[in-house]
Amino acid sequence: MTLLSDQADAVRALVESADPGAVWAVGGPDGPYAGSDGADDVLDVGGLTAVLALWPAVGTLVGEGALSLHTPLAAYGDEAAAGTPAGTTAHQLLTQPGGTAALTRLVEHLSGSTLADLAAVRVWAPLGMNRTRLADGTLRAPLADLVLFLRNLLHPSAPSDPSSPGGPGGPGGPGGPADPRAPADRGDGSRPAPLTRAWTAESLRIRTGELTPARGLLWHPAPHGVWTHHAPADPGPAVWISPRHHRWAVLLPAARGPLRTTFREAVFTPDASAWSGRPDGIPRA
């Protein structure tokens with residue numbers, strides 16, 4: 001039995017023992033290594049709205065130059081800065097607790113679209129996440145769509161990569177329907193990819209200096225070179241990404257308990273590094 005099979009079986013046994021109803025998967029840039037059944041069942045993943053919708057939407061605005069993280073929100077108009085202290089920046093909203101509501105308002109103001117429509121057009125459709133929907137304040141998606149999102153984080157496209165899903169021939173490319181919510185064409189026939197190397201690298205590093213807790217851009221550092229985003233409440237969904245291990249994981253618990261931590265340790269401890277021997281795939285800023 002290979003090491004991969006041993007560790008996959010160990011993680012499966014852990015989840016089934018602690019929370020038999022949990023939905024989970026572990027994988028790399030080529031897809032899942034192991035996971036629960038029912039990958040096509042549409043689930044409530046509202047606790048991941050910030051990272052699955054808001055974070056990549058902000059990245060597309062930064063990538064096209066419509067948003068600068070360190071510019072005060074007031075520079076974008078009174079509506080963009082409404083309800084925030086004077087001098088607040090998008091960087092602060094991305095790195096401090098409780099900033100998602102103001103950040104959502106900023107994104108919608110700059111794009112002229114709701115976050116639901118913006119994420120659907122700029123992020124989910126290009127990645128093939130065709131069953132992901134944000135409606136009535138709740139994000140719903142199948143495990144298969146979460147896998148598509150996470151695997152793309154390990155090999156994101158360059159900002160104007162013509163082979164990216166948002167490039168020529170992809171959604172909104174030549175021959176495709178125009179959409180006013182789509183990012184502006186760069187002049188070479190391509191559009192910004194939804195998850196770029198630059199945005200991913202900028203997000204997966206400490207952006208809070210010596211302040212604690214340390215944070216990236218809507219991502220939080222965890223042991224063993226892992227970055228995570230999870231719902232504040234327990235039980236709640238969580239995702240992890242590790243460029244060091246070239247690995248991702250997702251867990252949607254069905255019951256309260258310590259599974260979130262033990263699951264992460266089982267997947268990302270140094271002994272688990274043999275699941276994938278590839279080097280770090282994301283350049284560090």
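All heavy atoms count here, side chains included; hydrogens, waters and symmetry mates do not. Computed from a prediction, not measured in an experiment: that's the story for all the values here.
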Legend entry - Residues Val147, Trp248; criterion side chain to side chain contact (heavy atoms under 4.5 Å, CB included); working and verdict: CA-CA 9 Å; Val147 168; Trp248 53 261; 3.6 Å; yes

Legend entry - Intermediate values then yes/no, side chain to side chain contact (heavy atoms under 4.5 Å, CB included), Leu61 and Val107: CA-CA 8 Å; Leu61 294 173; Val107 165; 4.0 Å; yes

Legend entry - Test side chain to side chain contact (heavy atoms under 4.5 Å, CB included) applied to Leu69 and Leu217, step by step: CA-CA 10 Å; Leu69 297 186; Leu217 300 181; 3.9 Å; yes

Inset, instruction - In sequence, state the C-alpha distance, the side-chain angles, and the governing distance for Trp199 and Val58, and then conclude on side chain to side chain contact (heavy atoms under 4.5 Å, CB included). - result: CA-CA 9 Å; Trp199 180 241; Val58 171; 3.8 Å; yes

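Looking only at distances, a side-chain donor or acceptor of Thr262 sits under 3.5 Å from a matching main-chain atom of Leu259. Between the side chain of Arg207 and the backbone N or O of Thr95, no donor-acceptor pair lies under 3.5 Å. Between the Trp124 side chain and the Phe149 main chain, no donor and acceptor come within less than 3.5 Å of each other. A donor-acceptor pair under 3.5 Å is formed between the side chain of Arg247 and the backbone N or O of Val267. The backbone N or O of Asp30 lies less than 3.5 Å from a partner atom in the side chain of Arg151, making a donor-acceptor pair. Between the side chain of Gln92 and the backbone N or O of Thr89, at least one donor-acceptor pair lies under 3.5 Å. Between the side chain of Glu108 and the main chain of Thr114, no donor-acceptor pair closer than 3.5 Å is present. Of the possible polar contacts, one joining the Thr228 side chain to the Val239 backbone as a donor-acceptor pair under 3.5 Å is found. Judged by distance alone, with hydrogens and angles left aside, the side-chain atoms of Asp117 form no donor-acceptor pair with the main-chain N or O of Ser113 at under 3.5 Å. With hydrogens and angles ignored, the 3.5 Å screen pairs no side-chain donor or acceptor of Arg260 with any backbone N or O of Gly257.
No side-chain heavy atom of Trp24 sits under 4.5 Å from any side-chain heavy atom of Leu252. Looking at Phe263 and Val26, their side chains come closer than 4.5 Å, going by heavy atoms from C-beta outward. The shortest side-chain heavy-atom distance between Pro221 and Val226 does not fall under the 4.5 Å cut-off. Residues His245 and His224 have side chains in contact (heavy-atom distance under 4.5 Å, counting atoms from C-beta outward). With a 4.5 Å cut-off on side-chain heavy atoms, Leu218 and Trp227 do not count as touching. Residues Leu67 and Leu106 are in side-chain contact: their nearest non-hydrogen atoms beyond the backbone lie under 4.5 Å apart. Two residues are said to be in side-chain contact when any heavy atoms from C-beta on lie closer than 4.5 Å; Arg131 and Val42 meet this criterion. Side-chain contact between Pro237 and Val250 is absent, with no heavy atoms from C-beta onward closer than 4.5 Å.
Atom OG of residue Ser36 and atom CZ of residue Arg12 lie 8.0 Å apart, to the nearest 0.5 angstrom. Atom OG of Ser242 is separated from atom CZ of Phe268 by 6.0 Å, given to the nearest 0.5 angstrom. Note that OG1 of Thr49 and CG of Leu115 are 8.0 Å apart. Values are rounded to the nearest 0.5 Å. Remark: Ser68 OG to His91 NE2 distance equals 10.5 Å, nearest 0.5 Å. Rounding to the nearest 0.5 Å places CG of Leu103 at 11.5 Å from OG1 of Thr88. Considering CG of Leu139 and CG of Leu48, their distance stands at 7.5 Å, rounded to 0.5 Å.
Residue Leu204 comes nearest to Pro243 through the heavy atom pair CD1-CG, 4.1 Å, listed as atom of the first residue, atom of the second, then distance. Shown here for Thr100 and Ala50, the closest heavy-atom pair between the two residues is CG2-CB, 4.1 Å. Across all non-hydrogen atoms, the minimal contact from Ala238 to His230 is CB-CB, 3.4 Å. Summarising the geometry of Leu110 relative to Ala66, their closest heavy-atom pair is CD1-O, 4.0 Å, with the distance given to 0.1 Å. Between His155 and Pro29 the shortest heavy-atom distance is NE2-O, 3.6 Å. Residues Ala90 and Leu73 share a closest heavy-atom pair of N-CD2, 3.6 Å.
Hydrophobic clustering places Ile206 together with Trp55 (ILVMFWY residues linked when any side-chain heavy atoms are closer than 4.5 Å, directly or through intermediates).
With respect to Arg197 and Glu202, no salt bridge is recorded, no charged nitrogen being found less than 4.0 Å from a carboxylate O.
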